Protein chains: 2
Amino acid sequence: MKPKLSDVAKEAGVSPTTVSRVINNHGYLSAQTKQNVFDAMEKLHYQPNSLARSLKGKKTRIIGLIFPGITNPFFSELIEKLEKSLFLQGYKVILCNSADDVKKERDYLRMLLANQVDGIITGAHNLGIDEYQNTNLPIISFDRRYADKIPTISSDNLQGGVLATQTLYDAGARHIYFMGNPNQKGNPTDKRLQGYRQQIEALGLGSHVHPIYFDETPMIKQASIRRLLEKGQADGIVCADDLTAILVLQVAAMLKIKVPESLKVIGYDGTDFIRTYFPDLTTIVQPLDDIVMMLVKMLMHRIDNDEQLIDEEDFVLPISLYRGTTI
Amino acid sequence: MKPKLSDVAKEAGVSPTTVSRVINNHGYLSAQTKQNVFDAMEKLHYQPNSLARSLKGKKTRIIGLIFPGITNPFFSELIEKLEKSLFLQGYKVILCNSADDVKKERDYLRMLLANQVDGIITGAHNLGIDEYQNTNLPIISFDRRYADKIPTISSDNLQGGVLATQTLYDAGARHIYFMGNPNQKGNPTDKRLQGYRQQIEALGLGSHVHPIYFDETPMIKQASIRRLLEKGQADGIVCADDLTAILVLQVAAMLKIKVPESLKVIGYDGTDFIRTYFPDLTTIVQPLDDIVMMLVKMLMHRIDNDEQLIDEEDFVLPISLYRGTTI
DNA sequence: TTGTAGGCGTTATCAT
DNA sequence: ATGATAACGCCTACAA
């Protein structure tokens, strides 16, 4: 059996209380006793049981992370940075892949609650408001609008849409398409399209949206992109994410469409990964480090200050442009 | 406060025991009582406390995942698939990023033990044997040799090295370099280099290893690759992973070295991501789905059958070749 | 400086 | 068919 506190106590010849005190560095202990207890712990390979500890009211120091996937470089970088940052604060992370599946997200949310996590950071986006609303747990959301109780961090998607469009225009494109999810569900990312529309209008151009959905396989996206490019009307494309932009470049190469001469392409996200392995791609860069810092900071704040949200309004971080050769 | 079992009991007008019975579907309950309890649970938004439950000896249904990072597509796909598979079996996942940091890995291992996880799947690779050895927890490792008690799953790295080398040879390369970590620490991945060496010898060629380390930044790798390519001696390169291969292609383009005419390149891993977004890259494909299935299957087996490892020897899965245009 | 007792929320055992 | 009771491993008053 696993050694428990009382085993250590017996081994060290003291009471369980004393051992607990040593572990938690509580109150006054004689150096000798401390040493005895440490030796006993060492000898028995003792590990305190976090469960029992948390049951007694202590925090679990576990944060739940709910995201729609981890293979997209944007999410893998975001999650890796979050994990890193939280680890430094002494937190572990339970990773929940909502996989764009409402049921799975709900299941996970329940599990996290059942496991008494200290807080949740979520970037998933299916659930009805109430499930999240119904808990008093500190929750911070990235790029998703859940409920008034839950602060949202995002980067400036509107400005991103504007900047992408303007950048294409400045480079000479006049038939600028937007490629991404046309559904407007009220999430911050919807603003990329809004920014596009807004700027298109300001420039006196025509607005064209080519729908590409998050849950389509790359093959399907590719076929869809091909249909668009074959028409040969677009000379500029604002892609709602970098991976889509890469598919556009692939299809363009396949169709022998010259980039950027005949077609200019701009992506969105600008992760380290993409900038390193697809340095050609011009893209709107989200400030990942700042996003992570804000998410963690606000979460920590909510955890430490039991008072409800104070001036916790939504927080929008500025984006920037990375210039590759596709424009 | 959060409702507890006894609150539900009070609400439903029964004893806590009965509520527990309903929740766990234990013994005989009248349909009426059941209904009452369910209603009460619903009404109070009751969530059983997993901690208390686990403290009472129940499993936590949490699996720890220890990997050296998640941004490499190979790991992100592996982890995503593991999470998916484990979720289907009713397990949650605590994600631990060892970040190639011995201390962090040890910390995480301790935390996992403290949190009474039901098992661990690890693909990290720093720790001394003893820490893992010292526990009776079911642990399965991917591509890392820890200890005799811990079964290792891997794909056929030796054959991968052989196949990569032979493929380059068949395409006409005669000055074939290996690019990757030259240190042999006894891990399965070392065999990629061994396979290369073995085949080089069989072919009567000279063996050349250009060292690239896992923890180098892409910039550094690139500079290092550049130094090699500028010498112009290599006409074929076996890369120990796909990302390195992509850097090689970048540098080759920069130096105006024609691929595959003057230089043939083959990568290693062959994730869906790379095959989709870098379809040109010829690469050795690891059977990720099979790897995941084996990892999960063996872990479940170890968890369910308390008996110690039976014939749990290491398990090696076959690799395959994906043909792009870089050879 | 150290020990004793009770309880955190749940479940298993024994009654009824 | 349902309840009372005693654990699970730890922590925190309260004593001594």
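Bear in mind the structure is a predicted one, so any value in this text is a computation, not a measurement. In what follows, chains are A, B, ... by sequence order, proteins preceding strands, each numbered from 1.
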Within this structure, what is the NZ-to-C1' distance between B:K10 and D:dG3, rounded to whole angstrom? 16 Å
Can you check each nucleotide of nucleotides 9-16 of chain D against protein heavy atoms at under 4.0 Å and return B for base, S for sugar-phosphate only, - for none, in 5' to 3' order? BBBBBB--
With a cut-off of under 6.0 Å to the ring centre and 45° to the axis, is A:K104 in cation-pi contact with B:F87? yes
Between atom CG in A:D7 and atom C1' in D:dC8, what is the gap in whole Å? 13 Å
Do B:N24 side-chain atoms and B:H26 backbone N/O form a donor-acceptor pair below 3.5 Å? no
Contacting residues from residues 29-37 of chain A, given that a heavy atom lies under 4.0 angstrom of DNA chain D: none
Evaluate the ring planes of A:F214 and A:F75, with Trp represented by its six-membered ring, and classify them as parallel (under 30°), tilted (30 to 60°) or perpendicular (over 60°). perpendicular
Test your reading of the model: is there a side-chain donor-acceptor pair from A:E80 to the backbone of B:I70, 3.5 Å cut-off? yes
I'd like to know whether NZ of A:K297 has more than 12 heavy-atom contacts from other residues, nucleotides or ligands below 6.0 angstrom. no
Would you indicate, yes or no, if D:dG3 has its OP1 or OP2 atom less than 4.0 angstrom from a side-chain nitrogen or oxygen of B:T18? yes
Salt bridge flag under 4.0 Å for residues B:K103 and B:D107: yes
Got a salt bridge between B:D118 and B:R61, using NZ or NE/NH1/NH2 to carboxylate O under 4.0 Å? no
I'd like to know if the side chain of A:E77 and the backbone of A:F273 have a donor-acceptor N/O pair within less than 3.5 Å. yes
